[in-house]
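Data first, discussion second: the structure below is written as structure tokens.
Counting starts at 1 for both ligands and their atoms, following the listed order.
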Amino acid sequence: MTVDFPNKHFLINGEWVCSNTEIDLIDPSTGDVIAQVSEANNEHVNDAVGVAKDTLENTWKNITARERSTLLSTLGRLIEENYDVLASLEATDVGKPLRQAQADVKALARYMEFYAGAADKLHGDTIPYLKDYTVYTLREPHGVCAHIIPWNYPMQIIGRSVGAALATGNTCILKPAEEACLTALAFGALTKKAGFPDGVLNIVTGSGKTGASLSQHSDIDHISFTGSVSTGIKIQQSAAQNVIPVTLELGGKSPQIVFADADLDAALPFLVNAGVQNAGQTCSASSRILVQKEVYPKVVSMMAKQYEMLLVGSAMDDLDVGPLISKKQHEIVSNYIQQGKDLELVATGKYKEEINNGGFYCLPHLFVDVPADHSLAQNEIFGPVQIIMSFDDEDHAVEIANGTGFGLVASVWTQDGSKQMRMAKRLKSGQVFINNYGAGGGVELPFGGRGLSGHGREKGFEAMFGFTTIKTVAHYHG
Ligand code: ADP
């Protein structure tokens, strides 16, 4: 199978369009230019929004939920059929180990399957009211939705946000990140193949300028954004100007809390993998490991041993850790590692073999005894850097865990059922995992943050509530 989409073009109204400004796409594993993408300007964005609005009114509104379901299901099948192509595009473009890119293709297909199944199962209510009234609610799409996504998990984020928006009857404009947009364009090509009407999904590529132009457009009805806190604030300000709802997923500083009675052998792979997967460039990465003092030395030594076995190499070498996305990200992460020079570094990973190219590699770093107010304990690093901190008791663990501005996910490792329940309630977090981390990424599980991690929920049915609005109809019949 192949997915065909022309180089340097983006998608408006089913047509591949280009501009005269181009951005180089770099392979993070080598530093080489692999393609160019066109930068969509204000006019292109305006066209895309206009088309999405017309398509909504004239075409998409007349398509039944059942038909949307069939389209999404066909799209899911096409994604599975193009598994190899999509995985290698994502691995090359993002620099992620091939196995992780393959898991992302599966997740994208699964999102389509989930939202295909859910599309015709969302409905309003009837509400008992005064005599002579019948009251019901209609659940309606917002209209034209903008999806501004980052470079770390393009396919997964397209799946959870565009999937839910299309299932609920919205039209979409997708703006992938300038660092990695090949699978977004491939997804666009597959929507055409699946038979989606032209203009239902439009894609504009480009830098933050294109994103700003899209988020400021007055005909957008909803924005979903995943990315940095600073850009999230700008997006929310744009949304405020047009008084439209916005879903923000802005990352985290997510803790795993290991109590003395935990099954440490079961915890170990999760403690490490959740920090280094995708080279730590994961919104829900677990960058803080909180360990009860009785088992602290033991956990430090177990994690250090695991770190020493971590191998770093190119995406196609398919090792534990690939390169970072860009030179800029490499500088940011290196700067944090530099800020850790006063801390104890207990272990790093290693290169499988010497790398002599322009790739953006960074060894995983494990720091211990990190004070709670240290910059490495407070800031999202977005690289393969984890810190370990010790705590005395439950209250102390909660104080440290809730002691950053973020609140995306958290996990608790203990065999004590009451403690599991108490901790789940006390943690400031959008998701809490007990004796696991991430629960396999479940597309069914509502996901989103509190505080600096953002607001609104993606994934599962909850996302479909977010992409719809309620109309109450009160019928007086005398
Ligand atoms: P990062 O710093 O990790 O690249 P960003 O949050 O800046 O993350 O980028 C995430 C997405 O937001 C990308 O698609 C990017 O082009 C877009 N973006 C960047 N700046 C803006 C902006 N001012 N308005 C809208 N979108 C933006």
Less than 6.0 angstrom from the centroid, inside 45 degrees of the normal: does K96 satisfy that with respect to the ring of Y153?
yes
State the atoms of ligand 1, each with its element, that fall below the 4.0 Å cut-off from a heavy-atom position in F225.
6 (O), 10 (C), 11 (C), 12 (O)
Tell me: protein heavy atom nearest atom 1 (P) of ligand 1, and distance?
W151 NE1, 3.9 Å
Enumerated ligand 1 atoms positioned under 4.0 Å from heavy atoms of A177:
13 (C), 14 (O)
Which of the atoms in ligand 1, numbered in the order shown and given with their element, are less than 4.0 Å from a heavy-atom of G227?
6 (O)
Atom 27 (C) of ligand 1: nearest protein contact (heavy atom, Å)
T231 CG2, 3.4 Å
Near P176, which atoms of ligand 1 are under 4.0 Å from a heavy atom of that residue?
14 (O)
Mutual orientation of the aromatic rings belonging to F433 and Y437 [parallel < 30°, tilted 30-60°, perpendicular > 60°]:
tilted
Taking 4.0 angstrom as the limit and counting only heavy atoms of I235, give me the atoms of ligand 1 inside it, by number and element.
25 (C), 26 (N)
Is it true that R160 and E458 have a side-chain N and a carboxylate O under 4.0 angstrom from each other?
yes
Among all the protein's non-hydrogen atoms, which is closest to atom 23 (N) of ligand 1, and how far away is it?
K234 CD, 3.7 Å
Protein contact of atom 13 (C) of ligand 1 - nearest heavy atom, named by residue and atom, plus distance
I149 O, 3.5 Å
Decide yes or no on ring-ring contact (aromatic ring centres under 6.0 Å, His included) for H142 and F467, but give the supporting numbers first.
CA-CA 6 Å; H142 288 300; F467 279 112; 7.1 Å; no
Below 3.5 Å, N or O to N or O, backbone or side chain included: is there any such pair between G206 and ligand 1?
no
Can you name the atoms of ligand 1, numbered from 1 with element, that are less than 4.0 Å from a heavy atom of S207?
16 (O)
Do Y361 side-chain atoms and S29 backbone N/O form a donor-acceptor pair below 3.5 Å?
yes
Nearest non-hydrogen protein atom, atom 15 (C) of ligand 1
E178 OE1, 3.5 Å
Could you tell me whether R110 and E113 make a salt bridge, using a distance below 4.0 angstrom between a side-chain N and a carboxylate O?
yes
Examine Q329 against ligand 1 and note whether any of their N/O atoms are separated by less than 3.5 Å.
no
F10-H44 aromatic ring centre distance below 6.0 Å
yes
Check this for me, if you would: do K192 and E15 make a salt bridge, where the nitrogen-to-carboxylate-oxygen distance has to be below 4.0 angstrom?
no
Using a heavy-atom cut-off of under 4.0 Å, does the side chain or the backbone of K328 touch ligand 1, or both, or neither?
side chain
Could you tell me if K459 sits above the aromatic ring of F447, with its cationic atom closer than 6.0 Å to the ring centre and no more than 45 degrees from the axis?
yes
SB check D221 K53 (cutoff 4.0 Å):
no
Who's closest to atom 19 (C) of ligand 1 heavy-atom-wise, of S228, A212, G208?
G208
Are any of the N/O atoms on S215, whether in the backbone or the side chain, positioned under 3.5 angstrom from an N/O atom of ligand 1?
no
Enumerated ligand 1 atoms positioned under 4.0 Å from heavy atoms of I148
11 (C), 12 (O), 14 (O), 17 (C), 26 (N)
List ligand 1 atoms under 4.0 Å from G211, heavy atoms only on the residue side.
24 (N), 25 (C), 26 (N)
Short question: side chain of T468, backbone of R139 - any donor-acceptor pair under 3.5 Å?
no
